[in-house]
J.: 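After the structure tokens below, expect a handful of questions from me.
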Amino acid sequence: MAAPSLTAKSSPPATAPGADDPPILDVRGLWKVFGPRADRVVGTPLAELSRTELKQRTGCVAAVRDVSFSVRRGEVFVVMGLSGSGKSTLVRCLTRLVEPTAGQVRLDDEDVLGCGERRLRELRRHRFGMVFQHFGLLPHRRVLDNVAYGLEIRGTKKDDRYERAREVLELVGLAGFEGSFPDQLSGGMQQRVGLARALAVDPEVLFFDEPFSALDPLIRREMQNEVIRLHREVGKTMIFITHDLSEALKLGDRILIMRDGALVQMGTPDQVVGAPADDYVRDFVSDVPKSDVLTLPWIMRDPRPGEPLDGPELAPDTVIRDAARTVLSAGRPVKVVSGGALLGVVTTAEILEVIAGPDPDTTQDTTPDAASDPDPDGPDPVATDRDEDGRS
Amino acid sequence: MAAVPTTATAATGAAAPGRAGWLRGRYLTVIVLAAWVALWALLRGRDTLALGGAELTPLHTRLSEGMDAIDAGRNSNPLFLYFINYIRLFIDESVTFVQALISRPSFGRPVPVIGWLGVTGIATAVALLYGNRRTALLTAAGFASFGLLGLWEESMDTLALTLTAVVLALAVGIPLGVWAGLSDRVNRFLTPVLDFMQTMPTFVYLAPLTLFFLIGPASGTVATMIYATPPVIRITAHGIREIPVSTLEASTSLGSTRAQALRKVRLPLAKRTIIVGANQTIMAALSMVTIAALIDAPGLGKTVLKALQTLDVGTAFNAGLAIVIMAIVLDRVTSAAGRRVEAERRSGRARGTRARRIEAGLVLAATAVLVYLSHVYVWAAEFPGGAGLGSYVKQGAGAASQWAQDTLVTYTDALKNLITYGLLNPFQSLLAGSPWWLVALVVVALALLLAGARAAIVAGVSLVLLVLLGLWHDSMVTLATTLVATLIVMVLGVVAGVWMGRSARVDQVLRPVLDAGQTMPAFVYLVPILGLFGATRFTAIIAAVAFAAPVSIKLVAEAVRGVSPTAVEAATAGGSSTWQLIAKVQLPMARAGITLAASQGLIYVLSMVVIGGLVGAGALGYDVVAGFSQYQLRGKGLAAGLAIVVLGIMLDRIMRAAAQRAAARPAPH
Ligand SMILES: Nc1ncnc2c1ncn2[C@@H]1O[C@H](COP(=O)(O)OP(=O)(O)OP(=O)(O)O)[C@@H](O)[C@H]1O
Ligand SMILES: [Mg+2]
């Protein structure tokens, strides 16, 4: 029941880095069932029940249901869903803070679920880092000691770990607060400490569990920019949980959407916005101004015979909002051109339709129009609930 | 206690039938009581199983023989030879060592190693370094007052015993608490054990302990540990448990081992809570060390005990005062230490600042000088000037008591007679004067009606045990005293508790008084009351009321305050008068808390009523005390101790079950 090669299918608008590299993290058929005798659920007919039914029948909660995905090196991978959809459980399963019930997690070529306690600790000490919603700082330690904590428990000498901690504090913009205690800092600053603590051990994969939802909107925006900057500077792989769509769109190279423990859609931001897999996702994205997210290929069409083709040219990764001025002032079709080839044209009509909102009667069709287009060059939304290819 | 707030939701669904059943239950209760009184009038004095003070049953004789056998085995039985005797030796040696340091002439010297000046210096330094200046001042004054009252040596004996017991209790209790905090299984196992240790009246295990550890410091210390260890275990476990999951998870996510998480996260974060536990343990230990005077533990308790036995109110008051001062000093220093830990954490001031280190150095140097002086010079070793203050206190208290007894006699007698003739005597003659089987039937029936089948079974078994122990009549007399005292406690508890619960100002005034009352060792309560009322059953009742009322008042206040403000607001908006509000909203809604207050009050009362055996309450308490002092009565004393435990368990179970019912029943409208 895995969803292989989801990533390989995404084309033009999807500009995830390193698309061809082998994934750094590969997750197959992951389950987590909480409750009495949870192990009897997976692989039996009980697994087919909905969450509520399962709860009624067995008292178990299926927090994560058969989720598969892979994350590429250097990617920012966002997991999104409503409260209770299993995001936190999913990400905790990856580092085994929560022990999964079934499935497979591979880090590079290592089987994470198969490794022993000592090896797991090694992974956590050297390769994983995590930032928590409620910070989880140690109130009895200074900021410096909080940041150095990960190094301390793996046995780094005092001078070395302090030096490294100072470096990281500088990186997150907290130089000068080494001697403060956590409760002397604002929420945003505390989360910077949490971030610094995770970065201090120089992990390869960073997990964020709703790191900014306890912060007020202004600080949140600032911290998001901070993460973007850090990602640019240190280039770590990041797995980022949020229930805030705009945050997901802003940060994510790709987005995985969960409902009731199961994966409902996975794709690039514009695939999610442009081609929601079902009503759940559609509800989710309904508030987002599409013109801010979608790129031109989502609205362009083939030139009609007789149309003038001497208008300005735009690249296919231009966001609609940025193209609007050019298109509206051009007075004729604007060409979308990639590598000298004409992909399509965009006119005032298409722009207006996106910005003004679709005609109410055709709500369902407007954007999926592009999406359902089998054109191999067009965006190909990956709307997989669980596709039925057998698990390897 | 924790089991009381059960789900009210389960019952609300069945509100109508539940309410009808409850009414029927009430009806039946009245019928049972009426039948009892009627039958009592007919059968009075028959089958009461009364037993004279020196009379023994075969069981008592057999218990005595059993105790003799244990005595005889002390130097031959391997359990003694390889285990118990070593524990006794170790504890005795520890206590003797501390005594040699601070209270007793030792090492061929006429005075202890450290004299009064040195001890006062050390105590003050500890208070200064771990607490603050105010507590240091209080400590210095407190220790000086021990000397001034003429009770230096006795106070130091009490301190030595308390410190030894506390160190041992903490050495056992903190690791156990940590373990229980980490493991659910251990916690589940320990909880009922601790419950039992805490509900058993302290007084009861003294006698059996002397069998194993002989009369003296070792028994006293072990008894104190039994009483004083549960708080630190519970509170430590709680502190370890309540660490935020997110903090622990963060630590785990960085790859910390379990040992690292304990050492670097759990223990530092639980530190303040553990200190609170230590505080409770210290206070409990002091209370028990004074009671351990009954088995010849040295110290202030012994002075009080002797004075109580000779009805010398002045001397008892003097020593009682010293105990109270010690309790206050110990409480303030440990509380201040706890607050300091918290404040340092909050303010983020690192411990190792320069100024602080210099201060600590100076304090330590000064202390060393004082200790040296007190080691070398007689004036610093023995408290100078005799017991000037002490004799004034004794005379003053003696005279005040005499005056009070002479002058207030009209009022005190009126109160005494009112309670004795109005409540105690009828209760007692009903309970102790009915045939035993009638009382047993009535109690089982009431337990069934008020608390359910399980409690009724416990009650039935307990009552049969009381008969078998041969102490039915004495048990009923004690029960009557206990019930009367509990009744008074509850009247006080509801009146004061409602008042406190409704008014923040009253709360502010009363709470410190109640807190102080709770830190006072149980023994001390007897003294002023004895001064006022002389040695009677009534004295024991009033002492028990004074001892138990603070707990009950606080619980009731808590419950009244816990009533949802919306309900109160709605009733007020509906135009209820204050009395209507109290009677129709706040009391009914606080019913579960009030029942809990009654059951706690009852346990406290029971443990105090037994101590009241010392001052004329007679019955089981007297049997236990007599067992301490008279060889041929030791078997009976042991049986009386068991009877007290049985009574305690029976009452506790019935009250708890009744409280649970009350919590589950919807409030009437
Ligand atoms: N330790 C646990 N025991 C039992 N059930 C759990 C446990 N942890 C989570 N669950 C259940 O699993 C489901 C998913 O929880 P999870 O915390 O992963 O959701 P989430 O998507 O992170 O929600 P939120 O946005 O509120 O953080 C919930 O229904 C929750 O009740
Ligand atoms: Mg979550």
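Here is how names work: the chains are called A, B, and so on, in the same order as the sequence lines, proteins then strands, and each is numbered from 1.
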J.: Between B:Lys264 and A:Arg141, is a side-chain contact (heavy atoms from CB on, under 4.5 Å) present by the stated rule, with each step listed?
T.: CA-CA 10 Å; B:Lys264 293 173 192 278; A:Arg141 289 170 161 240; 3.9 Å; yes
J.: Please report the interatomic distance OG(B:Ser253) to CZ(A:Phe207), rounded to the nearest 0.5 Å.
T.: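 If we round to the nearest 0.5 Å, B:Ser253:OG and A:Phe207:CZ are 10.0 Å apart.
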J.: With distance as the sole test, does A:His134 use its side chain to make a donor-acceptor pair with the main-chain N or O of B:Pro244 at under 3.5 Å?
T.: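 No; zero donor-acceptor contacts below 3.5 Å.
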J.: Distance from A:Thr95 atom OG1 to B:Glu249 atom CD, nearest 0.5 Å?
T.: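 The CD atom of B:Glu249 is 8.0 Å from OG1 of A:Thr95, to the nearest 0.5 Å.
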J.: More than 12 foreign heavy atoms under 6.0 Å from CD of A:Glu110: is that the case here?
T.: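 Yes - once you tally the heavy atoms of other residues, nucleotides and ligands closer than 6.0 Å, there are more than 12.
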J.: Taking all atoms of both residues into account, what is the closest heavy-atom pair of A:Gly136 and B:Ala250, and its distance?
T.: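 The answer is O-CB, 3.5 Å.
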J.: For atom CG of A:Asp111, decide whether the heavy atoms of other residues, nucleotides or ligands shown that lie under 6.0 angstrom number more than 12.
T.: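 Yes, the 6.0 Å shell around CG holds more than 12 heavy atoms from other groups.
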J.: Apply the test side-chain contact (heavy atoms from CB on, under 4.5 Å) to residues B:Leu254 and A:Arg125: give CA-CA distance (whole Å), side-chain angles for both, the deciding distance (0.1 Å), then the verdict.
T.: CA-CA 5 Å; B:Leu254 288 160; A:Arg125 284 180 181 183; over 6 Å; no
J.: For chain B, which candidate among A:Val201, A:Leu120, A:Leu97 shows the most heavy-atom pairs at distances under 4.5 Å?
T.: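 That would be A:Leu97.
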J.: Say you draw a straight line from CZ of A:Arg154 to CD of B:Gln260; how long is it, rounded to the nearest 0.5 Å?
T.: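 It is 12.0 Å, given to the nearest 0.5 Å.
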J.: With a sphere of 6.0 Å drawn around CD of B:Gln508, does it hold more than 12 non-hydrogen atoms of other residues, nucleotides or ligands?
T.: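 Open.
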J.: Just wondering, do A:Leu138 and B:Thr247 contact through their side chains at under 4.5 Å, heavy atoms?
T.: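 Heavy-atom side-chain distance check passes, below 4.5 Å.
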J.: Answer yes or no: does atom OH of B:Tyr130 have more than 12 heavy-atom neighbours from other residues, nucleotides or ligands under 6.0 Å?
T.: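 No, not enclosed.
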J.: Looking at every non-hydrogen atom in both residues, tell me the closest pair between A:Pro139 and B:Leu269 and how far apart they are.
T.: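 Smallest interatomic distance, heavy atoms only, reads CG-CD2, 3.2 Å.
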J.: Heavy-atom pairs under 4.5 Å with chain B - which of A:Arg92, A:Arg118, A:Arg96 has more of them than the others?
T.: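 Going by pairs under 4.5 Å, I would pick A:Arg92.
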J.: Between B:Ser251 and A:Tyr149, is the side-chain contact (heavy atoms from CB on, under 4.5 Å) condition met? List the steps.
T.: CA-CA 8 Å; B:Ser251 171; A:Tyr149 182 75; 2.8 Å; yes
J.: Step through the shown structure and confirm whether more than 12 heavy atoms of other residues, nucleotides or ligands are within 6.0 Å of CZ on A:Arg119.
T.: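 Yes, enclosed.
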J.: What option among B:Thr257, B:Val245, B:Val265 has the most heavy-atom pairs under 4.5 Å with chain A?
T.: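 Most pairs with chain A among the choices: B:Thr257.
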J.: Can you tell me if CD on A:Glu99 sees more than 12 non-hydrogen neighbours from other groups inside 6.0 Å?
T.: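 Enclosed: over 12 neighbouring heavy atoms sit under 6.0 Å from CD of A:Glu99.
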